[in-house]
Amino acid sequence: MKYVDEFRDRHLARQLAAAIAAEVDPEREYRLMEFCGGHTHAIFRYGIQQLMPPNLRFVHGPGCPVCVLPMTRLDQAIAMTREHGVTLCTYGDLMRVPASGRRTLLKAKAAGADVRMIYSTQDVLRIARDEPERQVVFMAIGFETTTPPTAVAILQARAEGLKNLSFLCNHVLTPPALRAILSLAGPEGVRLDGILGPSHVSTVIGTRPYEFVPNQFGIPVVIAGFEPLDVMQSALMLVRQINDGRREVENQYSRAVGEGGNARALELMARVFVTRPSFEWRGLGFLPESAPALAEDYADLDAERRFPVTVETSREIKGCECPAILRGLKEPTECKLFGAVCTPDNPMGACMVSSEGACAAYWSHRTHMPSSGLNR
């Protein structure tokens with residue numbers, strides 16, 4: 001497969017592994033955080049950690065929008081179905097994420113709520129058109145990657161005059177979360193030597209928004225693609241920056257990411273959304289200016305205003321270490337619930353549910369981690 005197989009070449013992987021092994025300083029440790037869950041799964045799927053020298057370790061970050069969504073937002077969505085009888089539409093991963101009391105959207109659906117899984121925002125628009133007697137709410141979620149499609153759906157709903165469609169916005173922004181992780185100090189923080197920047201998010205926002213990381217925190221960043229050779233080359237670029245004492249934003253994923261990002265996508269986001277003063281993240285708490293909300297011109301399409309509900313502050317399931325895992329402080333295997341009572345069939349936390357979650361990566365690839373999926 002052209003443009004994919006080239007980034008899974010076994011011989012090139014061995015060359016990169018040899019270059020990394022030759023260039024790391026044996027007297028020091030290299031702790032590289034991959035912000036994005038897609039990188040976490042690439043590392044496990046292709047056995048990349050096993051190709052690294054023992055003093056280079058990947059630290060898993062919070063880069064999964066499903067994982068960082070707090071229980072309160074799920075409680076809010078379930079309450080909307082119960083109190084207002086809305087038809088709630090969202091993406092598949094969110095259906096099984098535990099809310100308070102181990103409720104889920106899937107269980108709410110089984111109990112009679114009209115909860116539907118959709119594959120794109122166009123599905124939501126179609127449902128609203130086909131069933132004008134129903135009040136349809138789209139539970140939007142995702143980082144900057146999926147925010148522009150939501151903006152397009154909002155503009156399309158307005159253009160078509162759809163009165164029965166509204167949006168429960170749970171989109172979040174990457175740079176504030178990165179700043180929060182790096183700002184944590186002492187026992188609550190994690191020591192990092194470099195950051196593998198997210199690839200899909202960066203196709204939208206570009207490389208410029210990460211410049212505060214080296215400038216304010218003295219830590220290098222390399223925007224990394226998702227394929228195994230992307231990740232390994234990015235690790236080598238970080239090792240070289242660290243060894244040279246450089247602290248810069250470099251772009252390994254230059255075939256898709258530019259310095260200024262996608263101008264059209266950014267324009268759509270700025271047109272439809274404003275930044276919330278504060279938003280809660282699972283594992284990170286309330287972060288200032290870390291999430292978009294619908295701008296005043298689109299307030300009539302805001303589900304939070306159209307269908308207000310009151311929910312109590314939720315508590316994590318006892319023993320679940322998702323918050324610490326999302327901050328890079330623990331690995332999934334350090335959670336007492338992992339593999340015992342928490343499995344993909346019976347998830348206790350979001351990190352086991354999401355297709356980009358760190359616990360799901362550990363679980364999916366735990367039996368064949370040493371073997372590489374790279375091409376011969």
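In what follows, residues are counted from 1 in the order of the sequence shown.
Aromatic ring orientation, Phe44 versus His365: parallel (interplanar angle below 30°, classes split at 30° and 60°). Below 30°, between 30° and 60°, or above 60°: for Phe167 and Phe138 the angle between ring planes is above 60°, a perpendicular geometry. Between Phe226 and His39, the angle of the ring planes lies from 30° to 60°, which puts this pair in the tilted group.
At a threshold of 4.0 Å, the pair Arg116-Glu131 counts as salt-bridged, since one of the basic side-chain nitrogens sits closer than that to a carboxylate oxygen. Ion pairing of Arg255 with Asp230 is present here, as a side-chain N (NZ or NE/NH1/NH2) and a carboxylate O approach within less than 4.0 Å. A salt bridge does not link Arg306 to Asp300: none of the charged nitrogens lies less than 4.0 Å from a carboxylate oxygen. By the 4.0 Å N-to-carboxylate-O rule, Arg73 lies too far from Asp75 to be salt-bridged with it. Electrostatic pairing of Glu321 and Arg327 does not count as a salt bridge here, judged by no charged N lying under 4.0 Å from a carboxylate O.
No option in Pro288, Cys169, Pro292 other than Cys169 meets the side-chain contact (heavy atoms from CB on, under 4.5 Å) test with Arg276.
The main-chain N or O of Ser120 is found under 3.5 Å from a side-chain atom of Asp123 such that the two form a donor-acceptor pair. Side-chain N or O atoms of Ser354 include none that pairs as donor or acceptor with a backbone N or O of Cys351 at under 3.5 Å. In terms of modelled atom types and a separation under 3.5 Å, the side chain of Lys109 and the main chain of Val115 share a donor-acceptor contact. With hydrogens and angles ignored, the 3.5 Å screen pairs no side-chain donor or acceptor of Asn262 with any backbone N or O of Thr203. Without hydrogens or angle criteria, Glu211 side chain to Val249 main chain gives no donor-acceptor distance under 3.5 Å. Side chain of Arg247 to main chain of Pro214: no donor-acceptor pair is present (N/O by atom type, distance under 3.5 Å, no hydrogens or angles).
When all heavy atoms of Ser166 and Phe307 are compared, the closest pair comes out as OG-CE1, 3.5 Å.
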Under 3.5 Å, which donor-acceptor pairs link side chains of residues 173-181 to any protein atom two or more places apart or in another chain?
| residue | atom | partner | partner atom | Å |
| --- | --- | --- | --- | --- |
| Thr174 | OG1 | Glu144 | OE1 | 2.7 |
| Arg179 | NH1 | Gln216 | OE1 | 2.8 |

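The cationic atom of Arg208 (NZ for Lys, CZ for Arg) does not lie both less than 6.0 Å from the six-membered ring centre of Tyr210 and within 45° of the ring axis.
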